[in-house]
Amino acid sequence: MNLISGQLPWNHTLPNPPAYKSLQEDAYCDCLVVGGGMGGAAASYQLSLNGADTILIEKRAVGSGSTHANTGVLQISNDKSLTSCMNTFGEKQGVLFYNLCRKALQGINKLKDQLDIDPYIIPRSSLLFASSPEDVPALREEYVNLKTHGFDTEFWEESNITSVYSFSKSAALYSRGDAEANPFRLVHSLINKAFSRGVRVYENTEAMSYEFKDDGVICHTRVGRIFAKKIIFAMGYETQEMKKDRGALLINTYAVMTRPLKEFPKWHERSFIWETARPYLYFRTTHDGRIIAGGKDEELTDPKEREVRVRTQGQKLLTEIEKLFPESKGVELEYSWGAVFGTTHDGLPYIGAHPKFPHCYFIEGYGGNGTVYSMIAAELLTDTLAGKHRPELDLFSLVRSAKPCP
């Protein structure tokens, strides 16, 4: 699956990443993690904390898939608001989902002191503004629900916004507890730390087929076999080619990164900025003074066509930056890219077991909060493999109803 088009921004930030040999013989483990992206990195890191006998394989190089297209936005709030989650799943389950995201963010913000490769994790606040005056009542309702359930957020009127930003909007929610990160460095730092703790990591090692046995799974690679008691599939969007019930709607999304700005615009606390419209635009900064903007989602197209669309959509995103921050006019784009992006029917990721794949678990972090979902999945699945029951997995079931009701 061709996932990415355009010029990618992250390789230059870690020019000599850790490298790992390919598997050349049979191997045995308690848990095999398939995939060296964000899901596999989070899972292998969490498994290493628990001392599990783990192997991670990646058919290319670690972090070479959709990690490159990740814009490094880490949020408690989701594409699906807390209000919408409560309406869809019921108050208890909706709040549970948001609390899991909050706990994952708290763990992510502690990672920078635990890893050997700096992932450039920076705690950030977020501004969610009303795209139109008609969106203000729903935004106010979201504020009430977030405050009622203990989330750190404020409702801002137009005067609050214009006092600290270059733009004016009817209303916004200003929330704390989020973060930004360099996703490429984060994946490498997690896997590198897991490797230092004993996880065996093999690059350029492709799983060709699987044999599902009573006591585990045999994974056949090109030159050997891996005998695993359990498998975690963390292959991102490529998982869609593995199961008949694919579960995700795939679209194209686009992003740009500017050159470093000489002077930064009026941008309060360099917060993450997004909007109530769907699909939405979003904006963040980087540790070295650049602006990243993303959005302009559209139907999935042929990769060759997406390559052409990267240029036009990238210019549109630059225009959106200049509309919000007129002081930035004249800033140049250094990177523009497009990628496959997946959403689910109910806005939640898929995490857990599947009846067609015994002894196996899946991490499918579809949605705009994939890194956070990967961290949630890593904790839930590591506990499950250790024999601890995690009822939260019911919320993310791979076979859940397409029409949930509270």
Side-chain angles (χ1 to χ4, degrees), residues 9-10 13-14 38 41-42 45-46 49 67 70-79 81-82 97-129 142-143 146-147 149-156 160-161 163-165 172-190 193 255 257-258 260-261 264-275 280 282-294 324-325 365 367-379:
W10 302 117
T13 67
L14 188 64
M38 196 65 74
Y45 175 78
Q46 192 67 37
L49 293 178
T67 297
N70 189 324
T71 51
V73 174
L74 312 171
Q75 287 188 280
I76 296 170
S77 291
N78 285 259
D79 296 0
S81 67
L82 174 58
F97 174 47
Y98 263 61
N99 277 329
L100 287 170
C101 292
R102 175 165 55 183
K103 183 180 179 183
L105 251 300
Q106 292 168 346
I108 288 170
N109 275 317
K110 295 176 182 176
L111 280 175
K112 58 182 180 292
D113 299 323
Q114 302 168 3
L115 301 173
D116 299 323
I117 299 172
D118 187 355
Y120 300 158
I121 295 171
I122 302 174
R124 293 292 189 202
S125 48
S126 292
L127 183 87
L128 171 63
F129 67 74
E142 179 71 358
Y143 164 72
L146 287 167
K147 286 296 290 185
H149 294 287
F151 294 91
D152 188 357
T153 189
E154 299 171 0
F155 187 87
W156 281 16
N160 301 110
I161 301 167
S163 68
V164 291
Y165 289 96
L173 296 187
Y174 196 78
S175 305
R176 297 173 183 84
D178 296 335
E180 67 184 43
N182 178 316
F184 187 65
R185 292 179 66 95
L186 179 57
V187 164
H188 275 287
S189 58
L190 288 168
K193 194 65 176 183
M257 179 188 286
T258 70
L261 278 69
F264 229 74
K266 187 179 175 183
W267 188 327
H268 184 55
E269 296 181 338
R270 296 197 182 183
S271 65
F272 175 60
I273 300 170
W274 59 317
E275 61 175 334
Y280 58 86
Y282 62 93
F283 309 84
R284 58 156 285 202
T285 63
T286 67
H287 81 287
D288 57 348
R290 303 167 184 264
I291 296 175
I292 294 175
L324 276 186
F325 300 105
N369 222 4
T371 299
V372 173
Y373 299 159
S374 293
M375 297 298 176
I376 293 171
E379 178 185 331

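Below, all heavy atoms of this structure are taken into account, side chains as well, without hydrogens, waters or symmetry copies.
Residues passing the side-chain hydrogen bond (donor to acceptor under 3.5 Å, both in side chains) test with Asp288 are Thr286, Arg290, sequence neighbours excluded. Listed by chain and residue number, Arg124, Glu180, His287 satisfy the side chain to side chain contact (heavy atoms under 4.5 Å, CB included) test with Ile122 (two or more places apart in sequence, or in another chain).
Within the 4.5 Å cutoff, the side chain of Gln114 has no heavy atoms near those of the Leu49 side chain. In this structure, the side chains of Cys101 and Tyr373 come closer than 4.5 Å at one or more pairs of heavy atoms. Side-chain contact between Leu173 and Leu127 is absent, with no heavy atoms from C-beta onward closer than 4.5 Å. Between Phe283 and Glu275, every side-chain heavy-atom pair lies at or beyond the 4.5 Å cut-off. Counting heavy atoms from C-beta outward, Ile273 and Phe325 have side chains that approach closer than 4.5 Å. Between Tyr174 and Asn160 the shortest side-chain heavy-atom distance does not fall below 4.5 Å. Residues Arg102 and Gln106 have side chains in contact (heavy-atom distance under 4.5 Å, counting atoms from C-beta outward). For the pair Ile121/Leu186, a side-chain contact is recorded, criterion being any heavy-atom separation below 4.5 Å from C-beta on.
For the pair Asn78 (side chain) and Ser81 (backbone), a donor-acceptor distance under 3.5 Å is absent. A distance-only check finds a donor-acceptor pair linking the side chain of Tyr98 to the backbone of Leu82 [under 3.5 Å]. Side-chain N or O atoms of Thr258 include one that pairs as donor or acceptor with a backbone N or O of Ile291 at under 3.5 Å. With hydrogens and angles disregarded, a donor-acceptor distance shorter than 3.5 Å links the side chain of Trp10 to the backbone of Asn70.
The pair Arg185-Asp118 fails the salt-bridge criterion, with no side-chain N (NZ, NE, NH1 or NH2) lying under 4.0 Å from an Asp/Glu carboxylate O.
The shortest heavy-atom contact between Pro123 and Asn109 is CG-OD1, 3.7 Å. Across all non-hydrogen atoms, the minimal contact from Leu115 to Tyr45 is CD2-CE1, 3.8 Å. Of all non-hydrogen atoms in Asp178 and Gln75, the two that sit nearest each other are OD1-CA, 3.4 Å. When all heavy atoms of Ala42 and Ser374 are compared, the pair lying nearest together is CB-O, 3.6 Å. Residues Thr153 and Ser175 share a closest heavy-atom pair of OG1-OG, 2.8 Å. The two residues Arg284 and Ala181 make their nearest non-hydrogen contact at NH1-O, 3.2 Å.
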Item to complete: Begin with the C-alpha distance, continue with both residues' side-chain angles, and end with the deciding distance and a verdict on side chain to side chain donor-acceptor pair (under 3.5 Å) for Tyr120 and Thr13.
Response: CA-CA 10 Å; Tyr120 300 158; Thr13 67; over 6 Å; no
Item to complete: Determine, stepwise, if the pair Arg176 / Glu154 fulfils salt bridge (Lys or Arg N to Asp or Glu O under 4.0 Å).
Response: CA-CA 9 Å; Arg176 297 173 183 84; Glu154 299 171 0; 3.1 Å; yes
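Relative orientation of the His188 and Phe184 rings is perpendicular, given thresholds of 30° and 60° on the angle between their planes.
With values rounded to the nearest 0.5 angstrom, Ile76 atom CD1 is found 12.0 Å from Phe97 atom CZ. With rounding to the nearest 0.5 angstrom, the CE atom of Met38 is 5.5 Å from the OG1 atom of Thr67. Summarising the geometry, atom CD1 belonging to Ile376 is positioned 7.5 Å from atom CG belonging to Asn369; distances are rounded to the nearest 0.5 Å. Remark: Leu111 CG to Leu190 CG distance equals 6.0 Å, nearest 0.5 Å. To the nearest 0.5 Å, atoms CD1 (Ile108) and CG (Leu74) are separated by 5.0 Å. Note that the OG atom of Ser125 and the CG atom of Asp152 stand 9.5 Å from one another [nearest 0.5 Å].
Each of Trp274, Tyr143, Phe272, Trp156 was scored for a side-chain contact (heavy atoms from CB on, under 4.5 Å) with Leu128, with one residue passing: Trp274.
A donor and an acceptor atom, one from each side chain of Ser271 and Tyr165, are located under 3.5 Å apart.
Heavy atoms from other residues, nucleotides or ligands lying under 6.0 Å from NZ of Lys103 number 12 at most.
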